[in-house]
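For reference, the structure discussed in these notes is given below.
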Amino acid sequence: MRAVVYKGPKEVAVEEVDEPQIEHPNDVLIEITTSCICGSDLHMYEGRTAAEPGIVFGHENMGIVTEVGDGVSTLKEGDRVVAPFNVACGFCKNCEEGFTGFCTNVNPGFAGGAYGYVAMGPYKGGQAEKLRIPYADFNALKLPEGREHEDSFALLADIFPTGWHGTELAGLQPGESIAIYGAGPVGLMAAYSAKIKGASEIYVVDRVPSRLELAEKHCDATTINFEEGNPVDQIIDAHGDEVDRGVDAVGYQAIDPEKARDADDDDPYDPARENPAVVLNQLIRTVRPTGQLGIPGLYVPSDPGAPDEMSAEGRLGIDFGKLFEKGQKLGTGQCNVKDYNRELRDLIIEGRADPSFVVSHRVGLDEAPEMYEAFDKREEGVTKVLLEP
């Protein structure tokens, strides 16, 4: 079958790979109908992880069940399903408590498993024609038959629940104000989730005009372009004070505006422009005393392309003294997708949520290399790319 294979920094290719097989009675196989390119994939694509060539990418997957293991009891051939990016067993202590992003059984020596991602276990990705879903009764979420809501349902694998998770980590309550740093897919979904939850004011920080326009149009957000001035000052001036909650939807490859102004314009995403702690420190200053920060943005313990030796080891210059002084709380970690995806699915079915506004491209699998390049460059109008084998 054809699949998107990592070849090395800034290079993927569509190649023939072995088809998945039933390996355990709890497995199912699906024929992929939609898989998404995620901002997290770009970390591997750029060579900013320990990923080695040969990985089949793709952790946001949905499709039709084509084969069912003998131990599967709730799924049958022909069922339409979406799989959380977390691979989870369902019965370890963390899974039983709802922390499926930190399953201790599926990836020995590491808390958590995922499809097609470095250090997240032996699970091949779904940017391919077919995929194996292990522990399928637990991991596969059934969807209505047909093709309705295909784009929206595809986002249940990761970014819609992850955006929602960011607001949960921040402790957002109806009527509160929130600032979200990053207007990529997860940041937009965090802003959209804040709108659904009844936030009184939503501020979204980025520098890509098309993304800020989506935040304003679909999330009722006040948008902040960090290239036009200090985003903390802009938010406090607009709000009149610090906000109640904050979300970091950027992660460790955050651009520092000061460094960006002094860097080579030929490469707007040169690591020399980065400051891995800049968004965290801006959030500490943006959020009020005793407020709360949600951090679903990715941070890693090892970064081969880091701008300095300390951050290469995952150690960041966080203003912890200011955090302590303000008595703020923070929540971190990848999303436990199963904690949210059933309810978010039902919001979509009932017409109360339509996250598909974030989708900018639906293309064939063969166009994946070009779309990876465009998404990596944050080209205007490229927000979320869906692949269709």
Side-chain angles (χ1 to χ4, degrees), residues 162-184 186-191 193-195 197-207 215 219 221-260 274-301 307-308 310-311 313-335:
T162 296
W164 193 276
H165 183 59
T167 66
E168 289 287 304
L169 290 173
L172 179 67
Q173 298 297 315
E176 291 186 324
S177 55
I178 188 168
I180 296 157
Y181 280 72
V186 169
L188 288 170
M189 290 296 95
S193 299
K195 175 185 175 181
K197 289 183 171 187
S200 58
E201 293 180 78
I202 302 167
Y203 297 89
V204 174
V205 180
D206 206 287
R207 66 171 180 171
C219 309
T222 298
T223 56
I224 305 294
N225 188 326
F226 68 76
E227 290 189 330
E228 296 176 357
N230 186 301
V232 178
D233 294 339
Q234 290 188 67
I235 292 170
I236 292 175
D237 287 346
H239 181 60
D241 202 350
E242 297 148 311
V243 298
D244 297 307
R245 311 287 171 174
V247 170
D248 172 2
V250 179
Y252 72 106
Q253 288 187 250
I255 300 297
D256 188 322
E258 296 299 325
K259 289 186 176 182
E274 297 175 4
N275 176 351
V278 66
V279 167
L280 295 171
N281 290 331
Q282 288 169 338
L283 273 176
I284 289 169
R285 284 164 170 76
T286 302
V287 174
R288 65 173 171 81
T290 72
Q292 195 158 322
L293 284 56
I295 308 170
L298 180 64
Y299 290 86
V300 294
D308 58 70
M310 189 172 80
S311 54
E313 299 176 354
R315 297 183 291 119
L316 309 182
I318 298 171
D319 296 336
F320 194 83
K322 179 61 69 174
L323 178 81
F324 182 91
E325 178 185 272
K326 297 181 79 171
Q328 294 170 332
K329 299 182 179 68
L330 56 83
T332 68
Q334 68 178 358
C335 178

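Everything quoted here is computed from the prediction, not taken from an experiment.
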- Task: Please confirm whether the backbone N or O of I236 pairs with a side-chain atom of D233, one donor and one acceptor, at under 3.5 Å?
- Result: no

- Query: Going through the checks in order, is the side chain to side chain contact (heavy atoms under 4.5 Å, CB included) test met by T222 and V204?
  - Reply: CA-CA 6 Å; T222 298; V204 174; over 6 Å; no

- Mark yes or no for whether D248, through its side chain, and G297, through its backbone, hold a donor-acceptor pair below 3.5 Å. no

- Please determine, by modelled atom types, if Y181 and T286 share a side-chain donor-acceptor pair under 3.5 angstrom. yes

- Item | CD1 on I202 to CD1 on I180, rounded to 0.5 Å | 6.5 Å

- Among Q173, R288, H239, find the one that has a side chain to side chain donor-acceptor pair (under 3.5 Å) with D244. R288

- Query: Do you know which two heavy atoms are closest between A190 and V247, and how far apart they sit?
  - Reply: CB-CG1, 4.3 Å

- Closest non-hydrogen atom pair between L172 and A199, with its separation: CD2-CB, 4.2 Å

- Minimum heavy-atom distance between D206 and G184, given as atom pair plus value: OD2-N, 3.9 Å

- Query: Counting N and O atoms only, with roles assigned by atom type, does the side chain of Q234 sit under 3.5 Å from a partner on the main chain of N225, one being a donor and the other an acceptor?
  - Reply: yes

- Write down the atom of P296, the atom of G166, and the distance for their closest heavy-atom approach. CG-CA, 3.8 Å

- What's the shortest heavy-atom distance between Q292 and V287, and which atoms? N-CG1, 3.7 Å

- Message: Quick check: closest heavy atoms across G182 and A249, and the distance to 0.1 Å?
- Response: O-CB, 4.2 Å

- Task: Please test I284 against Q328 for side chain to side chain contact (heavy atoms under 4.5 Å, CB included), starting from the C-alpha separation and ending with a verdict.
- Result: CA-CA 8 Å; I284 289 169; Q328 294 170 332; 3.5 Å; yes

- Task: Using the six-membered ring wherever Trp is involved, compare the ring planes of Y299 and Y252 and label them parallel, tilted or perpendicular (cut-offs 30° and 60°).
- Result: tilted

